[in-house]
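A quick write-up on the structure given underneath.
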Amino acid sequence: MGNNRLFQLSIFLCISTMAFVSCKPDEPENPYENIVTPVNNENPSINNLPEGSFAWLHAKVFRPTCANSGCHDGTFEPEFRSIASSYNTLVNQPVITNDANNSFVHRVVPGNAVASLLHERLTYFIPNTSGKMPLLFDESWSQDSTMYIQKITDWINQGAKDMYGNPAPSAEANTAPIVYALAIFPQGNTTTPYPRDPNSPFDIGAIMVPNAMVDVWIAAYDDIAGVNEFESIHLKVSPSATLFSPAAESPFVLSPSIEGLDFSSSPTTMFYKATINLSSLTSGNTYYLRTYLNDGVQTSSTEVPNDSSSPFWYLYFSIKVQ
């Protein structure tokens, strides 16, 4: 009897969400299942992420509630394991399931929640689908689902901006590259990242670094360029959070990967490393980092963060020289 109940439970957990996907005996391999223990590069707590931002939605809703085994864990799209994969498989992405009238074209339509299948699957039962989403949820969703759905509705209606506050691209347009993890190590070290200032009065402290050579690691994503196909990726360091034009460029190079944590503390892989010399910087001062990425299709590089980003991200991409 016990074995029968376990079998029934396993079938239930395989029910697809937001797509007609049957439960199969041999599911596609989940590459996150065998990931090594990531280095503990410090990230903001969930409660410090800008409320209602896509990073906050991912940390509060999409990853803990939707990226369950057999659901949106890479088995099928939308893919909610990381911030980058979540955004890029939702916004302006074509639907798989639909209602009887084929009313929906995209999972998220920037500026129009009721035309977005994501919103409708969270608020209504659409016949011939697996049901109102989410099928499986924890106590947080039970208590706060009304608030979470309102935050998702507001995010869509306000343009479905990415985690940095950049406007969503138009449908079928090239999506700009994005950086979704950052860690800084002593040069040649990949096990002990520098910590953040625990005494910072802000939402998140600057990374505390020496005035010496350091390695800056990032995880970057693009909808066109693979990990070895970016036309250029480089880094600038400035004493100003917004003025980077006078700063020198330091290239990121494709390196043997390390495992770390992304901005919502999900395991991720970082491939890009920039080695920079901080010996000329003044001890006790705070400096700011900005990355520049070009996927080969853009007319100019994407700045991450940029002048339109929330001040929170300036803090996140900051260092304090010891």
Side-chain angles (χ1 to χ4, degrees), residues 14-22 27-33 35 53-98 104-113 115-122 126 129-130 133-136 148-149 151-153 155-156 159-181 219-227 229 262-264 266-269 293 295 297 302 304:
C14 287
I15 296 174
S16 70
T17 57
M18 299 180 72
F20 285 114
V21 177
S22 300
E27 294 180 352
E29 181 182 354
N30 183 342
Y32 279 34
E33 288 180 348
I35 200 166
S53 69
F54 191 77
W56 185 89
L57 291 174
H58 179 259
K60 285 281 192 178
V61 181
F62 298 130
R63 179 170 60 87
T65 306
C66 306
N68 297 306
S69 177
C71 295
H72 298 285
D73 65 340
T75 303
F76 55 86
E77 293 187 354
E79 206 269 77
F80 289 135
R81 287 174 294 177
S82 77
I83 303 174
S85 64
S86 298
Y87 190 84
N88 284 279
T89 57
L90 279 177
V91 178
N92 289 322
Q93 295 304 303
V95 302
I96 297 175
T97 188
N98 217 321
F104 301 98
V105 178
H106 296 117
R107 293 167 182 153
V108 168
V109 179
N112 193 341
S116 301
L117 183 62
L118 170 68
H119 176 268
E120 299 302 285
R121 291 300 304 273
L122 291 170
I126 298 177
T129 69
S130 53
M133 294 295 105
L135 294 179
L136 302 173
Y148 289 151
I149 291 173
K151 293 294 185 184
I152 292 170
T153 302
W155 168 70
I156 296 173
K161 296 177 181 179
D162 69 16
M163 76 176 84
Y164 295 107
N166 299 315
S170 58
E172 314 304 328
N174 174 46
T175 301
I178 201 163
V179 173
Y180 62 99
Y221 177 90
D222 184 69
D223 62 332
I224 294 176
V227 293
E229 296 174 335
D262 72 11
F263 296 154
S264 60
S266 300
T268 196
T269 303
L293 307 94
D295 62 7
V297 177
T302 295
V304 179

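These numbers were taken from a predicted model, which means no experiment stands behind them.
Judged purely by atom type and a 3.5 angstrom limit, Tyr87 has no side-chain atom pairing as donor or acceptor with the backbone of Ala55. Between the side chain of Asn88 and the main chain of Ala84, a donor-acceptor pair closer than 3.5 Å is present. For the pair Tyr164 (side chain) and Val179 (backbone), a donor-acceptor distance under 3.5 Å is present. Within the 3.5 Å criterion, the main-chain N or O of Ser53 finds no donor-acceptor partner in the side chain of Trp155.
Rounded to the nearest 0.5 Å, atoms NE2 (His106) and CG (Leu117) are 11.5 Å apart. In this structure, NE2 on His119 lies 9.0 Å from CD1 on Ile152, to the nearest 0.5 angstrom. How far CE of Met163 is from CG of Leu57: 12.0 Å, rounded to the nearest 0.5 Å. Tyr180 contributes atom OH, which lies 3.5 Å from atom OG1 of Thr268 (distance to the nearest 0.5 angstrom). Note that CG of Asn174 is 4.0 Å distant from CD1 of Ile224, once rounded to the nearest 0.5 Å. Taken to the nearest 0.5 Å, the OH atom of Tyr221 stands 10.5 Å off from the CD1 atom of Ile178.
Under the 4.5 Å side-chain criterion, counting only non-hydrogen atoms from C-beta, Phe80 is in contact with Leu90. Side-chain contact between Leu118 and Phe62 is present, with at least one heavy-atom pair separated by less than 4.5 Å. Contact check for Leu293 versus Asp222: no side-chain heavy atoms found under the 4.5 Å cut-off. Inter-residue side-chain proximity for Pro110 and Asn92 is flagged as met; some heavy-atom pair is nearer than 4.5 Å.
Residues satisfying the salt bridge (Lys or Arg N to Asp or Glu O under 4.0 Å) test with Lys151, not counting sequence neighbours, are Glu51.
Shown here for Val91 and Ala168, the closest heavy-atom pair between the two residues is CG1-CB, 3.8 Å. For Lys60 against Tyr148, the heavy-atom pair with the smallest separation is CD-OH, 3.8 Å. The two residues His58 and Ile83 make their nearest non-hydrogen contact at ND1-CG1, 3.5 Å. Of all heavy-atom pairs spanning Thr269 and Ala219, the tightest one is O-CB, 3.6 Å. Nearest heavy atoms, Thr89 versus Pro78: OG1-CA, 3.5 Å. Summarising the geometry of Thr175 relative to Pro169, their closest heavy-atom pair is OG1-CG, 3.7 Å, with the distance given to 0.1 Å.
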